[in-house]
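First the structure, in the form of structure tokens, and then the observations on it.
No hydrogens, no waters, no symmetry mates; every other heavy atom, side chains included, goes into these values. Each ligand, and each atom within it, is numbered from 1 in the order the structure gives.
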Amino acid sequence: MQPPMQPLTQPLTQPPAWSREEFEAKLRERGRAYHIHHPFNVMLNSGRATPEQVRGWVANRFYYQIAIPIKDAAVLSNCPDPEVRRGWVQRILDHDGFELNGVRDEGGVEAWLRLATAVGLTREEVIDLRHVAPAMRFAVDAYVNFARRAPWQEAVCSSLTELFAPEIHKQRLANWPEHYPWIEPEGMAYFRNRVSQARRDVEQGLAITLAHFTTRPLQERALEVLQLKLDILWAMNDAMALKYGVTA
Ligand SMILES: O=C(O)c1cc(C(=O)O)c2c(n1)C(=O)C(=O)c1cc(C(=O)O)[nH]c1-2
């Protein structure tokens, strides 16, 4: 006897998966929503920001800087693949620094604190987070919480906004010394280091994403995840724009 017909809950055929090239192009297209286009960032990188606005950005962004290695530790804690972990752990060292066999690297968090003093903030007022806007905390915490709870491949995918980060760091390196001569030049080291680190991160993150999200529904999910992260970065800028204003 035939089993009873099940009601159809989803179409029998799914649209075909995009090729790796098509999928990668769709991920890269999302760069149009990157915070490089946010009015607060456009103001910063075109030289219209006041010292107060630059300091506000540096102090608020510190909250993102200290969250990133915690986010990366969450990815590690959810990932059962030692080969992925071996590559991913580098991100924590990039931000927290290390001392190994006589080689010392101060790491990105310390470099950010040097940026803070270069723009005229004290380390204390940055480290105690007194300037961080509540909405900034909520946006950054959303990223860490996502990485804690999502499947690790989605957390990896959410880091792919770094596809677009070298450009924003290069803008700062090119424009800030001219627009903001009052910033001590050694403060810019963070951005210089990140250009190559972000490229290396993206190579790893993209390889994992292209290998894992191989059906159309998974690929569409990856685009949603990337959009979530773009929205988090956008919301961080909204929080700073509200607190410090945007100079036209
Ligand atoms: O200055 C920026 O605009 C910017 C953006 C992003 C990003 O796209 O998430 C990162 C960074 N910087 C950055 O410096 C950094 O170390 C970093 C790590 C990650 C991540 O998601 O793991 N994003 C970013």
Side-chain angles (χ1 to χ4, degrees), residues 27-28 30-38 40-45 49 54 57-76 78-79 84 87-97 105-116 136 139-148 150 152-176 187-206 208-209 225-240:
L27 291 164
R28 288 184 185 276
R30 295 294 169 118
R32 64 177 185 269
Y34 197 47
H35 63 172
I36 198 168
H37 305 297
H38 191 285
F40 193 78
N41 184 70
V42 172
M43 172 192 74
L44 269 179
N45 283 1
V54 172
W57 179 77
V58 171
N60 272 264
R61 258 290 298 256
F62 184 69
Y63 193 63
Y64 189 56
Q65 301 309 126
I66 57 175
I68 288 170
I70 293 171
K71 179 274 294 184
D72 287 320
V75 176
L76 288 182
N78 286 327
C79 175
V84 173
W88 204 265
V89 75
Q90 181 61 46
R91 298 176 185 234
I92 297 180
L93 303 180
D94 287 344
H95 288 278
D96 288 343
D105 183 321
E106 64 170 6
V109 173
E110 186 57 34
W112 197 271
L113 286 168
R114 284 203 285 124
L115 171 65
M136 181 82 181
V140 173
D141 291 350
Y143 187 28
V144 178
N145 288 331
F146 178 77
R148 285 186 174 134
W152 66 270
Q153 296 94 338
E154 289 192 5
V156 167
C157 175
S158 70
S159 75
L160 286 184
T161 50
E162 279 200 277
L163 278 167
F164 321 117
E167 196 49 43
I168 203 168
H169 294 308
K170 282 195 281 179
Q171 268 189 4
R172 295 175 188 128
L173 289 164
N175 301 340
W176 282 30
M188 303 294 288
Y190 179 83
F191 306 126
R192 242 187 317 278
N193 297 340
R194 277 316 296 175
V195 174
S196 54
Q197 289 174 352
R199 287 209 185 100
R200 187 214 50 213
D201 285 359
V202 157
E203 223 170 275
Q204 188 198 15
L206 201 52
I208 293 169
T209 301
V225 165
L226 182 58
Q227 189 61 50
L228 167 86
K229 171 69 176 309
L230 288 161
D231 290 348
I232 287 170
L233 293 169
W234 197 267
M236 286 160 55
N237 279 267
D238 283 348
M240 292 183 279

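- When atom types are taken as modelled, the side chain of Arg91 and the backbone of Asp201 share a donor-acceptor pair closer than 3.5 angstrom.
- When each of Asn78, Val225, Leu226, Thr209 is paired with Glu154, the side chain to side chain contact (heavy atoms under 4.5 Å, CB included) condition holds for Val225 and for no other.
- Judged by distance alone, with hydrogens and angles left aside, the side-chain atoms of Asp72 form no donor-acceptor pair with the main-chain N or O of Val89 at under 3.5 Å.
- Classified by interplanar angle (parallel below 30°, tilted 30° to 60°, perpendicular above 60°), the ring pair His169/Tyr190 is perpendicular.
- Contact annotation: the side chain of Asp94 approaches that of Arg194 to within less than 4.5 Å [non-hydrogen atoms, C-beta and beyond].
- Using a 30° and 60° split on the angle between ring planes, Trp112 and Trp57 fall in the tilted class, from 30° to 60°.
- Sorted by chain then number, the residues whose non-hydrogen atoms approach ligand 1 to under 4.0 Å are Tyr34, His35, Arg61, Tyr64, Ile68, Lys71, His95, Tyr143, Ser159, Thr161, Glu162, Ile168, His169, Arg172, Tyr190, Arg194, Lys229, Leu233.
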